[in-house]
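The next block holds one structure in the form of structure tokens; read it before the comments.
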Amino acid sequence: NNMAWFVPAMMAASTAMTIMGHRQNIKNMKANAAWKRYENTLQLEYDKQKLFKKQAKLFSEKRARVGASGIQFTGSPLLTAKADLEEFENDLFFLEKGVFVKNAAMNAELTGMIASETYKMGSTLLAAGVSYDTYKTNKALAEKGL
């Protein structure tokens with residue numbers, strides 16, 4: 001029978017298409033994750049700039065008030081400025097930590113998603129192997145007239 005090649009060829013083509021689909025999914029996942037990381041970083045930079053502006057405004061207002069009051073910029077005004085600065089550094093630390101945590105969580109999720117797609121690719125290949133064996137067995141039985 002000259003059509004004997006057809007079924008295995010179609011099964012192989014179908015398997016290849018499925019595998020290509022999973023590969024494309026992995027590419028898309030990686031691209032989306034890279035874009036999300038980029039967005040997180042942009043958001044961090046934006047939030048940092050806002051924080052810097054707020055801090056600069058606060059500091060110059062404080063300096064103006066101290067100047068207007070006629071006291072020297074030492075002692076307690078300096079201590080409150082230092083406290084403000086520590087709070088500012090704390091805010092900055094947590095801002096950056098937030099992005100780190102967001103990106104780390106996303107990387108873990110991405111790893112899981114890629115593992116899942118890879119697993120699907122493997123099970124597609126296994127299923128293809130099993131169904132091809134079944135096909136060969138059935139073909140042999142049919143030729144024997146069973």
Side-chain angles (χ1 to χ4, degrees), residues 1-67 73-74 76-146:
N1 183 349
N2 62 357
M3 284 300 283
W5 63 269
F6 186 73
V7 175
M10 286 314 288
M11 286 163 78
S14 159
T15 300
M17 292 305 282
T18 307
I19 298 288
M20 281 163 62
H22 291 309
R23 281 219 178 109
Q24 191 54 50
N25 286 350
I26 290 174
K27 269 190 201 152
N28 293 345
M29 286 169 185
K30 284 182 175 172
N32 289 342
W35 181 251
K36 200 78 194 114
R37 271 193 288 275
Y38 174 67
E39 278 185 335
N40 285 347
T41 308
L42 279 186
Q43 186 63 47
L44 169 69
E45 288 311 313
Y46 172 72
D47 291 341
K48 267 191 348 196
Q49 290 312 313
K50 269 200 323 205
L51 196 63
F52 285 141
K53 281 198 182 95
K54 187 182 127 198
Q55 190 58 33
K57 189 168 177 269
L58 213 80
F59 206 74
S60 63
E61 281 170 3
K62 186 158 285 180
R63 211 178 291 147
R65 273 202 307 277
V66 168
F73 200 62
T74 57
S76 62
L78 200 59
L79 285 177
T80 58
K82 189 176 180 303
D84 281 349
L85 192 63
E86 279 168 6
E87 190 185 336
F88 164 71
E89 284 170 349
N90 230 354
D91 287 349
L92 202 57
F93 171 78
F94 283 111
L95 260 182
E96 293 187 328
K97 209 66 176 157
V99 169
F100 170 75
V101 169
K102 257 194 263 179
N103 283 344
M106 196 177 61
N107 287 345
E109 187 187 354
L110 177 69
T111 305
M113 284 157 66
I114 289 175
S116 160
E117 286 299 312
T118 307
Y119 171 77
K120 286 180 201 159
M121 266 179 359
S123 53
T124 297
L125 281 174
L126 275 176
V130 169
S131 55
Y132 181 61
D133 281 346
T134 309
Y135 162 77
K136 282 197 302 196
T137 307
N138 290 345
K139 186 171 173 278
L141 289 175
E143 282 165 1
K144 282 188 193 140
L146 290 172

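Owing to the predicted nature of the structure, the values given are computational and were not obtained by experimental measurement.
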Residues which pass side-chain hydrogen bond (donor to acceptor under 3.5 Å, both in side chains) with [X], listed by chain and number, not counting sequence neighbours:
X: Gln43; result: Asp47
X: Lys36; result: Glu39
X: Asn25; result: Glu117

| Could you give all pairs that pass the ring pair (Phe, Tyr, Trp, His ring centres under 6.0 Å) test and reach residues 92-123, with sequence neighbours left out? |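 Of all non-adjacent pairs touching residues 92-123, none passes ring pair (Phe, Tyr, Trp, His ring centres under 6.0 Å).
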| query | Which residue pairs pass the ring pair (Phe, Tyr, Trp, His ring centres under 6.0 Å) test with at least one member in residues 10-52, sequence neighbours excluded? | reply |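 Every pair satisfying ring pair (Phe, Tyr, Trp, His ring centres under 6.0 Å) with a residue in residues 10-52: Trp35-Tyr38, Phe52-Phe88.
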With sequence neighbours excluded, residues passing side-chain contact (heavy atoms from CB on, under 4.5 Å) with [X]:
X: Asn107; value: Arg37
X: Ser116; value: Lys120
X: Lys30; value: Ile26, Ile114
X: Glu86; value: Lys82

For [X], enumerate each residue passing the salt bridge (Lys or Arg N to Asp or Glu O under 4.0 Å) test, keeping only those at least two apart in sequence or located in another chain.
X: Lys97; value: none
X: Glu87; value: none
X: Lys48; value: Glu45, Glu96

Measuring from atom [atom1] of [X] to atom [atom2] of [Y], what distance do you get when rounded to the nearest 0.5 angstrom?
X: Leu95; Y: Lys50; atom1: CG; atom2: NZ; answer: 9.0 Å
X: Arg23; Y: Asn28; atom1: CZ; atom2: CG; answer: 14.0 Å
X: Gln49; Y: Lys53; atom1: CD; atom2: NZ; answer: 6.0 Å

| Minimum-distance pair of heavy atoms, taken over all atoms of Asn103 and Asn40 |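 Closest heavy-atom pair between Asn103 and Asn40: OD1-ND2, 2.7 Å.
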